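Scroll down for the structure; my scribbles are underneath it.
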There are 4 protein chains.
Amino acid sequence: MAGTVNKVILIGHTGDDVKMHYFEGGNSIGRFPLATNEEYTNRTTGERVSNTEWHNIVVRNKAAEICEKYLKKGDKVYIEGRLKTRKWQDDKGLDRYSTEIQCMDFTFLSPKGEGMGQGNAQQGASAQPQAQPYNTNQPAQPSQGVNESDVDDLPF
Amino acid sequence: MAGTVNKVILIGHTGDDVKMHYFEGGNSIGRFPLATNEEYTNRTTGERVSNTEWHNIVVRNKAAEICEKYLKKGDKVYIEGRLKTRKWQDDKGLDRYSTEIQCMDFTFLSPKGEGMGQGNAQQGASAQPQAQPYNTNQPAQPSQGVNESDVDDLPF
Amino acid sequence: MAGTVNKVILIGHTGDDVKMHYFEGGNSIGRFPLATNEEYTNRTTGERVSNTEWHNIVVRNKAAEICEKYLKKGDKVYIEGRLKTRKWQDDKGLDRYSTEIQCMDFTFLSPKGEGMGQGNAQQGASAQPQAQPYNTNQPAQPSQGVNESDVDDLPF
Amino acid sequence: MAGTVNKVILIGHTGDDVKMHYFEGGNSIGRFPLATNEEYTNRTTGERVSNTEWHNIVVRNKAAEICEKYLKKGDKVYIEGRLKTRKWQDDKGLDRYSTEIQCMDFTFLSPKGEGMGQGNAQQGASAQPQAQPYNTNQPAQPSQGVNESDVDDLPF
DNA sequence: TTTT
DNA sequence: TTTT
């Protein structure tokens, strides 16, 4: 019954556009890589160290569509989600693991018209895409038929 | 560069005791698995789904020693840290990836004397181990010579 | 507008039982104080300092009822919510402000049967109250008629 | 001894420049208001509701100086900190309370040269102020003599 | 008003 | 491999 918490909070830059996958039944997911950077001084050697960490972000359904529409490679975004490690088999039949962040909430942080791709006609002032918060726990349309197993059985 | 955030917040149960690794120069790390649980009702099938997610927690130096001493298999603990995916080679020379949570902060949540292992003599009243918060960003002993590369070049 | 984040994460002990308030239309809120503790050594004087911080937690509707039923004075609980400062007038007509945490998520952390009050008959095994996570963003019953203004116009 | 967590995570826009206060002994704090916005649809009335929440941010010492230097009114910033409610007496001798966020970490989110004030010569490429993360738990200069009571006895 |  |  839980009593546990699994929460990830990231602010980073997208490394690519959102790749969509559509399932039968109307569900969809979007995937994109997110980079966070870390800088510190190695206390032993005194040298400045710079690391980039890449995160696999997974978004679903309506949230995925919003991300695909407004989030472009290089954009800064706030992501809140859950850690999930998927097990899959490589072409040699060996077990492989991939850790993803299942996005539950996001907020675009890139200013409109800068770093948001060029010529995106949908970015009307009324839509304010650069500042769109999204919470995937919002009451969804029950008719949409969200099926968790769609995501868990991904062949990629 | 930065301007980014990489934060993980977990509350879960340890799946094993802390395994310590000591490096030349006095540094050390501790590792342990942490389980978080998720329960929800599949909206399509209506069935109750229960998932366990396992997280690889890595703690360093003094924090690692405190965890090894007081954290026992099955204990509940709050972990705050950063996501880091390590690349390593398996015995066939293939690239493999493992995502870890580098623990920056923790707080024991298991009540004293229950679920904290049996007969742990070190749990004196003055230590109050079950409620010990820890922040790895606290000013550490500069003489300790923390070496980041110790952790990054792990052969396991 | 948004593009903003307002998030509070607390683990603490309740200082009192949950006080419920019921509104016309079926909505309700529950309130309780939550204590977090801080200990540190004053770097100037070298003395050990211990502070208790009290937080005003506000929960709504079904979540409030669950808290009232299972959360007892002294229990440990994880709270996730939003900061909200309410303005009100004291008996002299002066503006006063009160900052609250509007709870969006919670998880009970006190073990069953310990620190959960005595003789609470409702704590059946099937309910597993001590480990009940709750997310107020879950699709609520639309018939419930949640009215935000109920909470904003509180006379207390 | 704690076993508690008191954490606030905010992304918002500053409502004013940073106001500095210097103490004897070399300590200092900076204060500034931060706005977060919330939009939702009232489920009862169906109307769109927009709320702005103001937070009192308090930063210390070196972090305060960095904020004063690079954070301008209107800038977007990520703040991580702790909730603290201060008690003070108004001019009639009545107890008043003010809740503040004691900033432990921050990251500037406004792009360089936009929304960061005009003519800030210090914003050299090497400083990269728009993306400067800061953690107040970093080992501070012990000679700095941080005195917690400075902040707790504020006359404002 | 909590907890250790 | 945890917990409820």
Side-chain angles (χ1 to χ4, degrees), chain A residues 1-6 85 87, chain B residues 10-19 31-40 48-57 70-79 107-117 123-134, chain C residues 10-19 31-39 48 50-57 70-79 107-117 123-134, chain D residues 1-6 85 87:
Chain A
M1 175 45 78
T4 66
V5 170
N6 175 354
T85 299
K87 187 182 181 178
Chain B
L10 301 172
I11 295 177
H13 293 92
T14 59
D16 204 349
D17 289 353
V18 179
K19 305 299 187 215
R31 295 171 172 275
F32 61 93
L34 187 81
T36 56
N37 306 285
E38 182 192 26
E39 273 207 23
Y40 61 89
R48 198 77 188 149
V49 181
S50 176
N51 280 331
T52 296
E53 196 63 32
W54 287 99
H55 311 273
N56 303 310
I57 312 296
Y70 297 114
L71 204 52
K72 300 303 164 195
K73 179 177 175 176
D75 280 354
K76 183 172 278 196
V77 66
Y78 167 91
I79 296 283
T107 293
F108 299 152
L109 297 174
S110 279
K112 203 189 316 199
E114 179 195 283
M116 290 205 60
Q123 295 174 37
S126 61
Q128 291 159 307
Q130 91 290 3
Q132 179 130 13
Y134 197 86
Chain C
L10 302 172
I11 295 176
H13 292 92
T14 58
D16 203 349
D17 288 353
V18 179
K19 305 299 187 215
R31 295 172 172 277
F32 60 92
L34 188 79
T36 56
N37 306 285
E38 183 192 26
E39 274 207 23
R48 198 75 187 150
S50 177
N51 281 331
T52 295
E53 195 63 32
W54 286 100
H55 311 273
N56 303 310
I57 312 296
Y70 297 114
L71 206 52
K72 300 304 167 195
K73 180 176 173 174
D75 280 354
K76 182 172 278 196
V77 66
Y78 167 90
I79 297 283
T107 293
F108 299 152
L109 297 174
S110 280
K112 203 189 317 201
E114 179 196 281
M116 289 204 61
Q123 295 175 35
S126 61
Q128 290 162 307
Q130 91 288 6
Q132 178 130 15
Y134 197 86
Chain D
M1 176 45 78
T4 66
V5 170
N6 176 354
T85 298
K87 187 183 181 178

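To find a chain, count down the sequence lines: A is the first, B the second, and so on, and within it residues start at 1. Note that the structure is a prediction, hence the values are computed from the model and not measured.
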Non-neighbouring partners of B/His13 that pass side-chain hydrogen bond (donor to acceptor under 3.5 Å, both in side chains), sequence neighbours left out:
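Counting only residues at least two positions away or on another chain, B/His13 forms no side-chain hydrogen bond (donor to acceptor under 3.5 Å, both in side chains).
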Would you compute the distance between atom NZ of C/Lys76 and atom OG1 of C/Thr14 and round it to the nearest 0.5 angstrom?
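Here the interatomic distance stands at 11.5 Å.
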Nearest 0.5 Å, please: how far is CG in C/Leu109 from CD1 in C/Ile11?
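C/Ile11 atom CD1 to C/Leu109 atom CG measures 5.5 Å (nearest 0.5 Å).
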Write down the distance between [atom1] ([X]) and [atom2] ([N]), rounded to a whole number of angstrom.
| X | N | atom1 | atom2 | result |
| --- | --- | --- | --- | --- |
| B/Lys76 | F/dT4 | NZ | P | 8 Å |
| C/His55 | E/dT3 | NE2 | C1' | 13 Å |
| B/Ile11 | F/dT2 | CD1 | P | 20 Å |
| B/Ile57 | F/dT1 | CD1 | C1' | 13 Å |
| B/Asn56 | F/dT1 | CG | P | 15 Å |
| C/Leu34 | E/dT1 | CG | C1' | 11 Å |
| C/Asp17 | E/dT1 | CG | P | 15 Å |
| B/Asn37 | F/dT1 | CG | C1' | 12 Å |

Listed partners of C/Asp16 passing salt bridge (Lys or Arg N to Asp or Glu O under 4.0 Å), at least two apart
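C/Asp16: salt bridge (Lys or Arg N to Asp or Glu O under 4.0 Å) contacts with C/Lys19.
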So what does C/Thr52 hit on the nucleic acid, given a heavy-atom distance under 4.0 Å: a base, only sugar-phosphate, or nothing?
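The residue C/Thr52 makes base contact.
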C/Trp54 stacking on E/dT1: centroids under 5.5 Å, ring planes under 30°?
yes
What about C/Asp16, does its side chain sit under 3.5 Å from the base of E/dT2 through a donor-acceptor pair?
no
So if I take every side-chain heavy atom of C/Lys73 and compare against F/dT1, F/dT3, E/dT2, which nucleotide ends up nearest?
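Looking only at side-chain atoms, C/Lys73 lies closest to E/dT2.
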B/Ala35 has a side chain; which of E/dT1, E/dT2, F/dT2 sits nearest to it?
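When the side chain of B/Ala35 is considered, F/dT2 is the closest of E/dT1, E/dT2, F/dT2.
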